[in-house]
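Every value quoted in this text rests on a predicted model; they were computed, and no experiment measured them. Both backbone and side-chain heavy atoms feed into the values below; hydrogens, waters and symmetry mates do not.
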Amino acid sequence: MTGKFITIEGSEGVGKSSNIAFIENYLLDAGKDVLLTREPGGTELGEAIRNLLLDAKNTAMCSDTELLLMFAARAQHLDEVIRPALAAGKWVICDRFTDATYAYQGGGRGIPEPRIAILEQWVQDGLQPDLTLLLDMPVAAGLERAGKRSAPDRFEQEKLAFFERVREAYLARAKKYTERFRVVDAEPPLAVVEAQIRDILDTVLESS
């Protein structure tokens, strides 16, 4: 793998879309060949699975079904998009990856980490992001932002306590995997958040 794999994580309302656009443009300006993708999704099959997962009507979906669908979409994504792009030397920017599974299905749904880890090893075979940017802010403030966008999907309908557990799980992983995680304070104005991200990307570019 000659490319770089950068994942962007965070709960609802932290500004992932705006900041991912900034990251993409910053790396393009630096002369990198960039591929932007997302999870769940990133492929035709993955996007169909995404629709199942986010559809607010699918209230009967159990936690194990949700987990297995996440990794089904991820397996296709890795095979069809991510691994070929990295092998071609591209810088892959992915809107959420497996850390989101540990946060949402692990922290949020309460699925034990060892069960998630079995699927992670099977599907990823050791592949991990080179850099994970965790956009973090208080849950209530993030949900207030998210509520102004559109009708809530199946996840966004969850209660505050669910998202508190998601945030705690994210921060626990950032503390555990300090070699690849960088936590970005996403609460200030966008220009301030972008400045934090720019400093992190400059470090990565200098070492590449």
Just verifying a value: how many Å separate [X] [atom1] and [Y] [atom2], rounded to the nearest 0.5 Å?
X	Y	atom1	atom2	value
Leu35	Ile93	CG	CD1	8.5 Å
Thr37	Asp95	OG1	CG	9.0 Å
Leu53	Glu39	CG	CD	11.0 Å
Gln105	Leu68	CD	CG	10.0 Å
Ile116	Arg109	CD1	CZ	11.5 Å
Glu156	Leu143	CD	CG	8.5 Å

Just so I know, are the side chains of [X] and [Y] near enough to count as touching, which here means a heavy-atom distance under 4.5 Å?
X	Y	result
Ser208	Lys4	yes
Phe71	Thr101	yes
Arg198	Phe22	yes
Leu134	Val184	no
Leu127	Arg83	yes
Ile20	Leu36	yes
Val123	Leu78	yes
Arg167	Ser11	no

Would a single hydrophobic cluster contain both [Y] and [X], if residues Ile, Leu, Val, Met, Phe, Trp and Tyr are joined by side-chain heavy-atom contacts under 4.5 Å?
X	Y	value
Leu28	Leu205	yes
Met61	Phe162	yes
Tyr104	Tyr177	yes
Leu67	Ile118	no
Leu52	Leu54	no

Exercise. Does the side chain to side chain contact (heavy atoms under 4.5 Å, CB included) test come out yes or no for Arg182 and Leu131, once each step is laid out?
Worked result: CA-CA 8 Å; Arg182 298 293 180 270; Leu131 171 67; 3.7 Å; yes

Heavy atoms only: give me the nearest [X]-[Y] pair and the separation to one decimal.
X	Y	answer
Pro138	Glu187	CD-OE1, 3.4 Å
Phe163	Glu158	CE1-O, 3.4 Å
Gly46	Thr43	N-OG1, 2.8 Å
Glu24	Val34	CG-CG1, 4.0 Å
Cys94	Phe5	CB-CE1, 3.8 Å
Thr59	Ala56	CG2-O, 3.4 Å

Is the backbone N or O of [Y] less than 3.5 Å from a side-chain atom of [X], with the two atoms forming a donor-acceptor pair by type?
X	Y	answer
Arg50	Pro40	yes
Asn19	Gly15	yes
Asn25	Ala21	yes
Arg96	Glu9	no
Thr178	Lys175	no

For this session: For Tyr102 and Glu120, run side-chain hydrogen bond (donor to acceptor under 3.5 Å, both in side chains): C-alpha distance rounded to whole Å, both residues' side-chain angles, the deciding distance at 0.1 Å, then the answer.
Result: CA-CA 10 Å; Tyr102 281 99; Glu120 178 185 21; 2.6 Å; yes

Exercise. Within 45° of the axis and under 6.0 Å from the centre of the six-membered ring of Tyr170, does NZ or CZ of Arg173 qualify?
Worked result: no

For this session: Tell me, please, whether Phe97 has Arg74 positioned over its six-membered ring: NZ or CZ under 6.0 Å from the ring centre and within 45 degrees of its axis?
Result: yes

Exercise. Among Val183, Asp185, Ile197, whose side-chain contact (heavy atoms from CB on, under 4.5 Å) with Leu135 holds?
Worked result: Ile197

Closer than 4.0 angstrom, basic N to acidic O: yes or no for [X] and [Y]?
X	Y	answer
Lys159	Glu164	no
Glu66	Arg154	yes
Arg38	Glu47	yes

Problem set entry | Glu44 CD: over 12 foreign heavy atoms closer than 6.0 Å |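 For Glu44, atom CD is not crowded (no more than 12 foreign heavy atoms under 6.0 Å).
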
For this session: Give the C-alpha distance, both sets of side-chain angles, the deciding distance and a yes or no for side chain to side chain contact (heavy atoms under 4.5 Å, CB included) between Asn51 and Asp55.
Result: CA-CA 6 Å; Asn51 290 337; Asp55 191 335; over 6 Å; no

Exercise. For Glu194 and Ser18, what are the C-alpha separation, side-chain angles and deciding distance, and is it a side chain to side chain contact (heavy atoms under 4.5 Å, CB included)?
Worked result: CA-CA 9 Å; Glu194 289 176 348; Ser18 298; over 6 Å; no

Exercise. Yes or no on side chain to side chain contact (heavy atoms under 4.5 Å, CB included) for Ile6 and Asp130, after CA distance, side-chain angles and deciding distance?
Worked result: CA-CA 6 Å; Ile6 300 174; Asp130 297 292; 5.6 Å; no

Exercise. Do Gln124 and Thr98 meet the criterion of a side-chain donor-acceptor pair at a distance under 3.5 Å?
Worked result: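 Yes, a side-chain donor-acceptor pair sits under 3.5 Å.
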
